[in-house]
**Student:** 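The following block contains the structure, expressed as structure tokens.
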Amino acid sequence: MPRSALLRHSIAAVTATTLLAGLGPLTATATAAPVAAAVATAASVDPWAASVPLSDEAALHSLVDLRTAKDGAVVALWYRTAEDHSKNELIASVRPAGSSVWGAVQVLRTLPTWRSQAQLTVSDDGSVTAAWMEYPNDGGPGNEKPGGAFRMVTLAAGATTWSDVSDVMTDPGWVHGGRLAGSPSGELVAVWQGVSAGKAGVYSSVRTAPGEAWSEPVRIDEPTTDAGLSSVPELIHSADGTTTMAFVQAGAEIGEIKVLDRPAGGTWSKPVTVSAPGQYAHNPKLALGRGGHAALVWHTQDARGSSVGTDVVARRPAGSLTWGAGEPANGFDGGAWRKIAVGPEGDVTLLGVTFVEGSGFIARTTTRSAATGTWAALKTISTGYVPDDQFDLTAGADGVVHAVWTQGDTDRKLMASSRVAGAWSAAPTPLSTNTSGYALGLVTVDAADRPVAVWQQSSGDLTTQLRAATTAPAPVKPLPKWRDLSGDGRGDLLALTPAGALTVRTGSGAGGLGTGATATGWPTTSTVVPFGDLSGDRCNDLLVRNSAGVLTRHDGGCGTAFAPGGPKLTIGAGWNAYNALTSPGDLTGDGRTDLLARTPGGELYLYADDGKGAFKTRARLGGGWQAYNAIAGVGDLNGDKAGDLLARDAAGVLWRYLGRGDGTFGTRVKLGGGWQGYNSLVGVGDFTGDGKADLVARDTTGTLWRYAGNGAGAFAGRAKIGGGWQMYKTLS
């Protein structure tokens, strides 16, 4: 079953035209919807598909970075070193957006020596930049010499070939640790470490737009007499173009974590210390989430070399440049956090390794909830020995967190696990196919929020192979039938008692109604509207409006009860502006169920399913609907795949409005009089087993009657289902 995407309310304009027969043609206008609220949910993660090779097995392939571009293309970057170490190349491969096939390997640069620090940078203009340091004066491993260059190539949005190599900077002295960030405008910001007067400092240069020259480097940290830098700078950039850097300013005993910011087109701020005074703080990790929330993690000790330490997390809300106070992370003895990921709502997940007596080294994780401010209990996700070789962690736009790590005593596999709705996978999945040696990998998520892992694995004594895998969609479960709430393929009826018990009265398939799942605790002031599969989990859902006018989607379970505390999504407030809510089925022809809402003044509005778990902006269908004291969505009455509507006027005449499939209705047709004797009219889908939509009606004595649909837009004569239905406050 495919995973539900992050259910953020996305508003898009919809227009419609309608003709209300007898009341004249009416003009359609798009108007604002009631206030919407964005809430993230997640479902299951699909299984991993078989891996595919990205390289041959005739060299040493060392994975460097893995990123997803704004358009959804996935880019892998690695070094390819000949078996005799005579050549060291920087290599890239791209999996285009919407494709499952990786492109041909492209050589970005033949490096002059073995030493290099490469990375990928994703910019909000859709481009991807590969940047690296080169050291042409080195004599070989262990014989490093001054003199270096920071170089780059760019893959423009939608392009298939990389640009020519260009220089960010060159320096005759000692330089290393280059980092790059990109803004929405195409501006690039570079930082690196350089040595001046025997001490390391942080320098920066800016390229304001593609094709422009890089600015003269400037030093952006504050030189001190008794301290130097002891870490490679950490760099992130926000959607507004602000670049943020974190680094360690270290002395003999004291280490301080400092941050500084540069707004797009602006200058760097002065460094601000975020760690506590008088301690030795080091090993900062800086991360930015999809929602704009940032987190900074570091390790702090009472003094340099102390065996007692604490991991600390500071957080920065989306849209702010102010960091909150550092707070102890949910750490553990004998280990350290290695990776950090920030979810779209600001949840912070940490992944690390620790030693446990009797178990050895294991991979553990914990998450801090942004909603509650509390840490989850430490969770061991490994099932074997974990060498501290390489970990990776990423969070998708759907809030699902994915982790990969290396596991095994001698033959080491790459393992994967995912955290969905607060729970990690019951068991990790081995991804690599090596039967000996080791595997080291990275993970990202693509545009569909599917995890993509790339790793290097042993293929010989001095060779490795690069492979990739992603999750494969499971067979798609069919869409549920109209008004089938129990999952048996038949139409059902919802019944709410005055005591707040909501029961699914299940269709028998022969025109009767049984008793299905029940949940209590519902306020009797609730307006309940059985709906289609709005959440995307292939079970029909329920819309509930409370007395304050807040509309909530309650996710169905194909046979489980709808409970007030069950899985749900708040759609928004302001829905008490309507005195009738009903669902006719699919009105717009997209295969998804839609909603109708009528105001006391008689205005009828369409809320089309937005395909993301909520609704598009409402579209006005017309006025004059106050002439009806009951309207009921009844599904497809005439077999044209469009949802239809019934309306009863004050004289007891029942009218039919056939949907056109474009969001509008055809001219009304009179079905007959005498319907004033019923206090409830409900379209229940097919509960007779003939494939046609049916109707039930309750009279004032509590007797429930069945009107079987004939498939041509009308109904057969009524048949009695039974008495005693006055026990329910509402039927829907």
Side-chain angles (χ1 to χ4, degrees), residues 12-23 25-26 28 30 478-485 489-492 529-534 536 538 540-541 543 580-598 603-611 615-622 624-625 628 630-648 654-671 681-688 690-696 707-715 732:
V14 177
T15 59
T17 305
T18 189
L19 180 65
L20 179 60
L23 297 178
L26 299 161
L479 283 170
K481 292 186 178 181
W482 168 247
R483 288 300 302 260
D484 175 18
L485 302 173
R490 307 179 186 121
D492 302 315
V529 183
F531 207 74
D533 177 23
L534 191 60
R538 303 292 172 162
N540 284 327
D541 302 323
L543 297 176
L581 297 172
T582 190
S583 175
D586 176 22
L587 283 179
T588 59
D590 60 2
R592 299 193 291 264
T593 306
D594 304 308
L595 179 67
L596 292 174
R598 185 190 64 183
E603 302 292 315
L604 188 67
Y605 292 94
L606 165 68
Y607 285 88
D609 182 341
D610 67 359
F615 297 106
K616 297 178 182 178
T617 300
R618 68 180 185 175
R620 181 179 181 272
L621 297 186
W625 290 82
Y628 301 117
I631 58 174
V634 287
D636 179 16
L637 290 178
N638 63 341
D640 64 356
K641 308 300 184 184
D644 304 317
L645 184 69
L646 297 178
R648 183 184 63 189
L654 192 66
W655 301 88
R656 183 192 69 214
Y657 289 87
L658 294 179
R660 290 188 173 125
D662 61 358
T664 68
F665 292 105
T667 303
R668 69 177 185 173
V669 173
K670 182 178 179 180
L671 293 184
L681 296 172
V682 184
V684 291
D686 174 26
F687 78 140
T688 60
D690 62 0
K692 302 177 179 66
D694 304 316
L695 178 73
V696 297
Y707 287 86
N710 65 6
F715 301 97
S732 55

**Student:** State the CZ-CH2 distance between R668 and W655, to the nearest 0.5 angstrom.
**Tutor:** 4.0 Å
**Student:** Less than 4.0 Å between a side-chain N and a carboxylate O, is that true for R592 and D590?
**Tutor:** yes
**Student:** For Y628, is there any backbone N or O sitting under 3.5 Å from a side-chain donor or acceptor partner on R648?
**Tutor:** no
**Student:** Test your reading of the model: is there a side-chain donor-acceptor pair from R660 to the backbone of F665, 3.5 Å cut-off?
**Tutor:**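 Checked: pair present.
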**Student:** Could I get the full list of side-chain hydrogen bond (donor to acceptor under 3.5 Å, both in side chains) partners for N540, not counting sequence neighbours?
**Tutor:** none
**Student:** Working to the nearest 0.5 angstrom, can you tell me the gap between Y707 OH and L681 CG?
**Tutor:**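 Answer for the OH-CG pair, Y707 versus L681, is 8.5 Å.
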**Student:** With distance as the sole test, does T582 use its side chain to make a donor-acceptor pair with the main-chain N or O of G633 at under 3.5 Å?
**Tutor:**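 Flag set: sc T582 to bb G633 pair under 3.5 Å.
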**Student:** Closer than 3.5 angstrom, by distance alone: can the side chain of D636 be matched with the main-chain N or O of G643 as a donor-acceptor pair?
**Tutor:**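 No: the side chain of D636 does not pair with the backbone of G643.
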**Student:** Determine whether a donor-acceptor pair (N or O, by modelled atom type, separation under 3.5 Å) exists between the side chain of D492 and the backbone of L485.
**Tutor:**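 Present.
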**Student:** So, the side chain of T593 versus the backbone of G585: is there a donor-acceptor pair under 3.5 Å, distance only?
**Tutor:**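 Here the side-chain-to-backbone pair does not exist.
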**Student:** Can any side-chain N or O of D586 pair as donor or acceptor with the backbone N or O of A642 at less than 3.5 Å?
**Tutor:** no
**Student:** Examine distances only and state if a side-chain atom of D484 and a backbone atom of G489 form a donor-acceptor pair shorter than 3.5 Å.
**Tutor:** yes
**Student:** Determine, stepwise, if the pair Y605 / W625 fulfils ring-ring contact (aromatic ring centres under 6.0 Å, His included).
**Tutor:** CA-CA 10 Å; Y605 292 94; W625 290 82; over 10 Å; no
**Student:** Any Lys/Arg nitrogen of E603 or R598 sitting under 4.0 Å from an Asp/Glu carboxylate oxygen of the other?
**Tutor:**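 Looking at E603 and R598, the cut-off is not met.
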**Student:** Report yes or no: does D594 contribute a side-chain atom to a donor-acceptor pair with the main-chain N or O of D609 at less than 3.5 Å?
**Tutor:** yes
**Student:** Before giving the answer on ring-ring contact (aromatic ring centres under 6.0 Å, His included), spell out for Y607 and F531 the whole-Å C-alpha distance, their side-chain angles and the decisive distance to 0.1 Å.
**Tutor:** CA-CA 12 Å; Y607 285 88; F531 207 74; over 10 Å; no
**Student:** Is a donor on one side and an acceptor on the other found under 3.5 Å between the side chain of D686 and the backbone of G691?
**Tutor:**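 Yes, the answer is positive, given that a donor and an acceptor are paired below the 3.5 Å cut-off.
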**Student:** Tell me, please, which residues at least two apart from R656 pass side chain to side chain contact (heavy atoms under 4.5 Å, CB included).
**Tutor:**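 If we apply the side chain to side chain contact (heavy atoms under 4.5 Å, CB included) test to R656, skipping adjacent residues, the hits are L637, L646, L658, V669, L671.
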